[in-house]
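Structure record follows, encoded as structure tokens.
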2 protein chains.
Amino acid sequence: MSMELGIGTKLSRCETCSIRHQAVCGALTGPELARLNQIAKPRKVAAGQTIMSDEDPATFLANVVSGVVKLSKTLPDGRQQVIGLLFSPDFLGRVFNETNPYFAEAAVDSEICSFPRKQFEALLDEFPGLEHRLLEHTLSELDSAREWMVLLGRKTAQEKVASFLLLLANRSLITGCHHIQPGEEASFELPLSRNDIADYLGLTVETVSRQITRLKSANVINLVDNRHFTVPDLDRLRDIAG
Amino acid sequence: MSMELGIGTKLSRCETCSIRHQAVCGALTGPELARLNQIAKPRKVAAGQTIMSDEDPATFLANVVSGVVKLSKTLPDGRQQVIGLLFSPDFLGRVFNETNPYFAEAAVDSEICSFPRKQFEALLDEFPGLEHRLLEHTLSELDSAREWMVLLGRKTAQEKVASFLLLLANRSLITGCHHIQPGEEASFELPLSRNDIADYLGLTVETVSRQITRLKSANVINLVDNRHFTVPDLDRLRDIAG
DNA sequence: CGACATGTTGAACCTCATCAACCGACGTGG
DNA sequence: CCACGTCGGTTGATGAGGTTCAACATGTCG
């Protein structure tokens, strides 16, 4: 049985999970982790597939195991705003609430590990360490959201695009565990279409496109293709991002 | 001793606190509440006074007991963004972090009840119920922040101003426990200067001023003075807010 | 090959920012 | 007591940054 523990027994899925220590699950060990394992259901999600929708009841929560998840909200008349990107050890969904607070879809091919909401909440109640991890995670999401509010409210198109590229660079460096040698150009992937980038930055596709070509002309970035770019000098990008 | 309990003893400050059940403290009773009471320090803050600054180390946290607290962030070149308003039972400050994530100042004369951060964190660790309350609070702050991102990124000046007035109306109705009779005009207070409103909405003072007079001309709102307005028909305001 | 999606580029337009003047309220000092 | 400066708010004229609309390029898939 994969949920038994002890020398010689088979390891459970949670125990061998690649993000075990980074994600909220990191709070649990032994029999506690086994309990989580019982309700965890891994799932592959292809790029473009929706994971959860606002309007829908919040039936499950999830960890992002790999890939990128795009969170968005839409105004009645169709205007859209991307309100966040979730990367590898991030947590997805809304605990203690009956409806999802946003629309979530896979930006690139991704893997998530989902939990039925009610059962996960029961575990939160039972294991304060788990709830603590979730709190820490929520707090840092709140910090990021507020940082983004400054961008949306006060930055120019140029600064917005630069900030976005910088964000990707930072996240890629973390999750990829990639160390750049001085002088080495780091290469990054754009997990979003121009349209989604625009919706993330509160701009239009055209403006995003123009600003990207402008950064390219200024040799701040190089485009290897529409979805990959390199940054010769991160500090210069940082300056422009403000 | 005010921290002892039992029939006939004097009630502690926390026990008689007006927001005791609404704030995070609501999780505690009896000896637990007494522990919180030991580290709680109430404080009056005059309008305009700063409460905490980013850059400063996060030495304390607080509950907003009365009044309104303005949270903001400033770009190196001085551009400012108000990233949130805190009302009566809201929680102020950043647990588990060495520096404050924002600049906080009293928007109007306010009272807060502060706790040394380290000691409060120790209580969180000791009383899971307290941490749970804080999590719930943080989650709903995150929801609001994301809602505001839609406003900042996608709404027009007109919609922004209308949304802001609507927000005030909603918060006033909650905290004031005020029930509007059908046909009765509800009256609200603007806790922010035009300048701060602009910084909250990602606009300039001039645009805010123009949009307010526009709403006034359309009879959506009435200004009794610069800091007070009434709304004859909240649904109309809601329509304009989008 | 044509249909479609995604991205870039150009031109015209418009919303909102900028700059400046003005107004009323308030406090201070001659 | 009134002139004066200051502060918060409004209003007007002008202009720039970003949107809108449209054309075009490129790549992909039936």
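Just so it is clear: chains get the letters A, B, ... in the order the sequence lines come, proteins before strands, and each one is counted from 1.
At whole-Å resolution of the value, CZ in Arg194(B) and C1' in dG24(C) are 14 Å apart. Rounded to whole angstrom, the span from the NZ atom of Lys216(A) across to the P atom of dG7(C) amounts to 14 Å. Protein atom CZ of Arg214(A) is 9 Å distant from nucleotide atom P of dG18(D), rounded to whole Å. One can place NZ of Lys160(B) at 14 Å from P of dT15(C), the figure rounded to the nearest angstrom. The interatomic distance linking Glu206(B) (CD) with dT11(D) (P) rounds to 12 Å, in whole Å. When rounded to the nearest whole Å, the span between CG of Asn195(A) and C1' of dT19(D) equals 14 Å. Look at CG on Leu203(B): it is 14 Å from P on dT10(D), rounded to the nearest Å. Taking atom CZ of Phe229(B) as the reference point, atom P of dT10(D) lies 13 Å away to the nearest angstrom.
Distances shown here put every side-chain N or O of Asn226(B) at or beyond 4.0 Å from the OP1 or OP2 atom of dG24(C). A close approach under 4.0 Å does not occur between any side-chain nitrogen or oxygen of Thr156(A) and OP1 or OP2 of dG17(D). For Thr207(A) and dT19(D), the shortest distance from a side-chain N or O to OP1 or OP2 is below 4.0 Å. OP1 or OP2 of dT11(D) has not a single side-chain nitrogen or oxygen of Arg210(B) nearer than 4.0 Å.
Classification of Arg94(B) and Asp143(A) as a salt-bridged pair holds, one side-chain N sitting under 4.0 Å from a carboxylate O. Ion pairing between a basic and an acidic side chain is recognised when a charged N comes within 4.0 Å of a carboxylate O; Arg171(A) and Glu189(A) show no such pairing.
Residue-to-nucleotide proximity on DNA chain C shows that, of Arg154(A) and Ser193(A), the 5′-proximal contact is made by Ser193(A).
Counting any heavy atom pair closer than 4.0 Å across all strands shown, Gly48(A) reaches no nucleic acid atom. Base engagement by Thr204(B) is indicated by at least one non-hydrogen atom pair under 4.0 Å involving a base atom. No engagement by Ile212(B) is indicated, since no non-hydrogen atom pair under 4.0 Å with the nucleic acid exists.
Ring pair Trp148(A)/Tyr200(A) is parallel by interplanar angle, where below 30° counts as parallel and above 60° as perpendicular.
Between the side chain of Gln211(B) and the base of dC16(C), no donor-acceptor pair of N or O atoms lies under 3.5 Å.
When each of Phe120(A), Phe60(A), Phe91(A) is checked for a ring-ring contact (aromatic ring centres under 6.0 Å, His included) with Phe115(A), only Phe120(A) meets the rule. The side-chain hydrogen bond (donor to acceptor under 3.5 Å, both in side chains) test with His228(A) singles out one residue from Asp225(A), Asn226(A), Thr230(A), and that residue is Asp225(A).
Listed nucleotides dT10(D), dT8(C), dT19(D) differ in distance to Leu223(A); the shortest reach to its side chain belongs to dT8(C).
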